[in-house]
Amino acid sequence: LGEALAKASRGAFAPLSSAIARAREIAALAAAAADARDVVLSFTVEDGAGAPLAPSPVVDVLVRAGVAVEAPAADAMPVAVGEDVARRAMRERTREAFFLDPRRPTSDVVADLSPRPRAEVRAILEAETGGGARSLAVTGLERFAKCPFMGYAHVVLAAREAERQDELPDAREEGNLIHEALAAAFVATKDEWIRRPRDRTIILERGLAAADEVLAKAAGHAALAAVVRLRVRDAVVVVLGRAIDDEVWDFALAEQGFGSRREAAWPALELEQDGVRLSLRGSIDRVDRAHDAQSVRVIDYKRSKSTVRESSSGLGETALQVPLYACVASRRYGVAAKGLYLPTQPRDLATDGGPSAKVDRRMDDLVAREAPDALTEIERRALSVIRSVREGRLVPTPIDESVCRSCSVSGGCRKPRFAMAPADEEEEGSP
């Protein structure tokens with residue numbers, strides 16, 4: 001069904017089952033082979049490690065039906081291999097072997113172009129990573145910090161996962177909807193936040209009305225209205241309630257962009273040190289100002305407490321977003337800034353006591369500026385990440401190899417699914 005007809009049907013037509021989809025594939029193969037003089041099926045008898053594989057059901061049925069199976073000689077080549085094919089095969093084997101060696105031996109074959117990347121390569125890397133006319137998204141910078149190759153694939157090559165069209169939004173889509181609803185709720189109640197005491201009833205009524213308008217535009221299916229709508233509304237209620245009770249801070253801005261062409265966007269965050277220039281762009285979920293106007297706070301919404309903990313544990317190493325946003329807000333208002341990760345799930349927010357003293361101190365250290373023109377620690381970290389990238393160090397060596405399990409470009413680096421992390425290899429081999 002086309003998109004317009006699918007929306008008009010309101011879910012009356014169910015998506016194809018996997019059995020029907022498979023049947024269509026088989027029918028297409030049969031149609032293609034109907035007029036063929038010969039049909040040759042090739043199959044493997046060993047896996048990548050050399051272990052024997054059981055015959056597939058298709059091969060098994062054909063053999064029992066009397067179809068001849070020819071086993072080529074061990075030294076026979078089914079086709080002539082040219083120089084280009086041989087070089088590609090060598091590269092693929094080298095890239096896979098990189099992950100099977102706990103030493104992780106680097107070379108230009110596995111994306112280590114240092115120490116002398118070609119001038120045209122360096123120019124591309126610089127232009128695509130905030131050194132040219134276009135700013136680099138802070139989220140892209142974080143990907144480079146987590147894994148240089150993941151950042152390269154996403155930022156420079158613009159690799160993306162195929163989007164699935166399901167009846168219900170996935171976690172990312174639902175998160176975007178919560179962000180949009182919260183922004184609408186806070187903007188609709190902006191005049192109420194500076195009042196003391198605050199009128200809880202007015203803020204909740206106006207905020208929920210604005211959130212409902214957002215949900216009404218997004219409600220494409222009955223299931224969305226029945227399930228996701230309730231979760232989003234609950235998130236809006238608890239986040240608004242948390243903000244109402246916190247009278248130290250007043251809401252100022254929602255979804256505040258910088259470095260983009262959006263209306264009312266702030267200038268990009270421009271950093272430079274030792275000949276490395278970096279221009280950053282992004283969008284801050286929420287900006288609060290202290291009631292005494294002496295400081296500013298940026299808030300980044302997270303789906304759950306587990307994602308908050310993950311970001312907090314990598315603060316300053318792989319989690320760069322909030323401290324960099326705090327630097328942007330600090331420059332904008334000319335006051336000290338703080339940063340906060342906030343879960344939006346009601347059950348998590350109800351038991352969330354805020355960041356630990358250790359995380360709070362770490363955030364303050366990252367954004368502290370010793371002098372008006374001095375770079376903060378997090379700004380120096382951002383420049384360090386980009387300097388390494390522009391020097392050609394794009395090797396798929398994440399700080400924590402657990403990120404490979406959810407990597408959006410998984411397989412692009414040729415990492416086998418059974419490869420062990422270097423730390424695991426050492427642990428297995430230890431006495």
Side-chain angles (χ1 to χ4, degrees), residues 95 99 104 106 110-114 117 121 124-132 134-163 170-172 175-176 179 257-260 268-269 271 276 278-285 300-303 306-325 327-328 339 341 366 378-415 421:
R95 285 167 180 156
F99 296 101
R104 296 293 193 264
T106 62
V110 287
D112 186 4
L113 307 180
S114 62
V121 174
I124 292 172
L125 291 175
E126 185 172 351
E128 295 293 332
T129 58
R134 186 167 180 264
S135 299
L136 172 66
V138 177
T139 52
L141 176 67
E142 279 196 341
R143 287 185 173 92
F144 278 118
K146 290 177 181 177
C147 173
F149 182 85
M150 178 172 65
Y152 170 74
H154 191 276
V155 173
V156 181
L157 301 183
R160 298 290 187 275
E161 284 184 302
E163 294 186 3
D170 58 20
R172 181 184 61 82
N176 290 339
H179 278 61
F258 63 93
S260 68
L269 176 60
L271 307 174
V276 178
L278 173 61
S279 176
L280 292 171
R281 72 178 190 273
S283 181
I284 307 172
D285 290 345
D300 190 64
Y301 297 127
K302 294 295 183 185
R303 181 173 173 80
S306 62
T307 52
V308 170
R309 284 195 298 268
E310 180 182 345
S311 297
S312 298
S313 64
L315 192 59
E317 290 296 320
T318 56
L320 316 178
Q321 200 169 354
V322 167
L324 283 172
Y325 288 174
C327 291
V328 173
Y341 294 104
L366 288 170
I378 194 63
E379 291 170 339
R380 292 194 298 270
R381 167 64 177 157
L383 286 167
S384 173
V385 170
I386 289 303
R387 182 182 293 108
S388 178
V389 168
R390 293 177 187 172
E391 289 173 352
R393 295 184 178 90
L394 306 169
V395 184
T397 50
I399 288 181
D400 181 358
E401 294 209 8
S402 65
V403 303
C404 298
R405 292 195 293 267
S406 57
C407 178
S408 60
V409 292
S410 176
C413 62
R414 301 302 188 265
K415 181 179 182 179

Distance, nearest 0.5 Å, that separates CG of Leu278 from CG of Leu324:
8.5 Å

State the CD-OH distance between Glu310 and Tyr341, to the nearest 0.5 angstrom.
10.0 Å

Check for a donor-acceptor pair, side chain of Ser311 on one end and backbone N or O of Thr307 on the other, with a separation under 3.5 Å.
yes

What's the separation between atom OH in Tyr325 and atom OG in Ser283, rounded to the nearest 0.5 Å?
6.5 Å

Is the shortest distance from a Lys or Arg side-chain nitrogen in Glu401 or Lys415 to a carboxylate oxygen in the other one below 4.0 Å?
yes

For His179, all residues meeting ring pair (Phe, Tyr, Trp, His ring centres under 6.0 Å), sequence neighbours excluded
Tyr301

Do Ser114 and Arg393 have side-chain heavy atoms sitting under 4.5 Å apart?
yes

Out of curiosity, Ser312 OG to Lys302 NZ, how far, rounded to the nearest 0.5 Å?
9.5 Å

Please confirm whether the backbone N or O of Thr129 pairs with a side-chain atom of Arg134, one donor and one acceptor, at under 3.5 Å?
no

Of all heavy-atom pairs between Phe99 and Cys413, which one has the smallest distance, and what is that distance?
CE1-O, 3.3 Å

Would a distance-only check, ignoring hydrogens and angles, find a side-chain to backbone donor-acceptor pair under 3.5 Å from Arg390 to Ser388?
no

Restricting to non-hydrogen atoms, name the atom on Ser135 and the atom on Gly259 that form the minimum distance, rounded to 0.1 Å.
OG-O, 4.1 Å

In this structure, CG of Leu366 is separated from CD1 of Ile378 (nearest 0.5 Å) by 5.0 Å

Can you give me the closest heavy-atom contact between Leu383 and Val276, atom names plus distance?
CD2-O, 3.7 Å

Worked verdict on Glu379 versus Leu269 for side-chain contact (heavy atoms from CB on, under 4.5 Å)
CA-CA 10 Å; Glu379 291 170 339; Leu269 176 60; 4.1 Å; yes

Would you say that more than 12 heavy atoms from the other residues, nucleotides or ligands in this model lie under 6.0 Å from the OH of Tyr152, or not?
no

Minimal heavy-atom distance between Glu128 and Leu136, with the atoms involved, is O-CD1, 4.0 Å

Check the pair Leu394, Leu125 against side-chain contact (heavy atoms from CB on, under 4.5 Å), reporting the backbone distance first and the verdict last.
CA-CA 10 Å; Leu394 306 169; Leu125 291 175; 4.3 Å; yes

Could you tell me which non-hydrogen atom of Val322 sits nearest to which non-hydrogen atom of Gly339, and how far apart they are?
CG1-CA, 3.5 Å

Atom pair CZ/OG1 of Arg104 and Thr397 - distance to nearest 0.5 Å:
9.0 Å

Does any non-hydrogen side-chain atom of Thr139 lie less than 4.5 Å from one of His154?
no

Is any side-chain heavy atom of Glu142 closer than 4.5 Å to a side-chain heavy atom of Thr318?
no

Contact between Phe258 and Val138 at the side-chain level, heavy atoms closer than 4.5 Å - yes or no?
yes

On a heavy-atom basis, which atom in Cys407 and which in Met150 lie closest, and how many Å separate them?
SG-SD, 3.8 Å

